[in-house]
Amino acid sequence: MVKTLTYAQLRQALARLGFVEHSVPGGTVFWEEQTKTRLTLPEMPAEAPLLARHLSVTRALIVKSGVAEAADFERALEQAA
């Protein structure tokens with residue numbers, strides 16, 4: 001697993017998994033059409049270190065909703081790094 005991630009890298013990983021990004025006041029909504037999965041994150045600088053709680057919530061949502069298996073999510077993160 002990648003040790004230090006940024007919000008920009010998370011965005012890239014989510015895009016690889018089919019999420020479309022939409023800016024909203026105060027944050028970003030990511031939408032994956034096939035599974036109808038929505039993830040909302042607060043507005044953060046692209047190069048800011050990704051908070052552990054945002055990573056864990058994102059990982060859990062992706063796996064639970066069936067967007068990807070945990071290993072596929074980790075691979076997308078590694079490719080974005």
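Since the structure is predicted, the reported quantities are computational estimates derived from the model, not experimental observations.
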Ring pair (Phe, Tyr, Trp, His ring centres under 6.0 Å) filter on H54, not counting sequence neighbours, yields Y7
Do any side-chain atoms of residues 10-18 form donor-acceptor pairs under 3.5 angstrom with protein atoms, and if so which ones, sequence neighbours left out?
residue, atom, partner, partner atom, Å
R11, NE, E21, OE2, 3.0
R16, NH1, Q79, OE1, 3.4

Test: ring-ring contact (aromatic ring centres under 6.0 Å, His included). Region: residues 33-53. Which pairs qualify, not counting sequence neighbours?
none
Counterpart residues, salt bridge (Lys or Arg N to Asp or Glu O under 4.0 Å), relative to K64 (two or more places apart):
none
Residue pairs passing the ring-ring contact (aromatic ring centres under 6.0 Å, His included) test where at least one lies in residues 56-76, sequence neighbours excluded:
none
Co-membership, hydrophobic cluster, residues V67 and L55, 4.5 Å side-chain:
yes
Give the other cluster members for V29, using side-chain heavy-atom distances under 4.5 Å between Ile, Leu, Val, Met, Phe, Trp and Tyr residues; answer none if it is isolated.
V24
Does V57 belong to the same Ile/Leu/Val/Met/Phe/Trp/Tyr cluster as W31, with side-chain heavy atoms less than 4.5 Å apart forming each link?
no
Which residues pass the salt bridge (Lys or Arg N to Asp or Glu O under 4.0 Å) test with E47, not counting sequence neighbours?
none
Residues 36-44, side-chain donor-acceptor partners within the protein, below 3.5 Å, at least two apart:
residue, atom, partner, partner atom, Å
K36, NZ, E33, O, 3.4
K36, NZ, E33, OE2, 2.4
T37, OG1, T35, OG1, 2.6
T37, OG1, S65, OG, 3.2

Among pairs that include at least one residue of residues 11-30, which meet ring-ring contact (aromatic ring centres under 6.0 Å, His included), considering only residues two or more places apart or in two chains?
none
If you measure from OG1 on T58 to CG on L50, what distance do you get to the nearest 0.5 Å?
7.0 Å
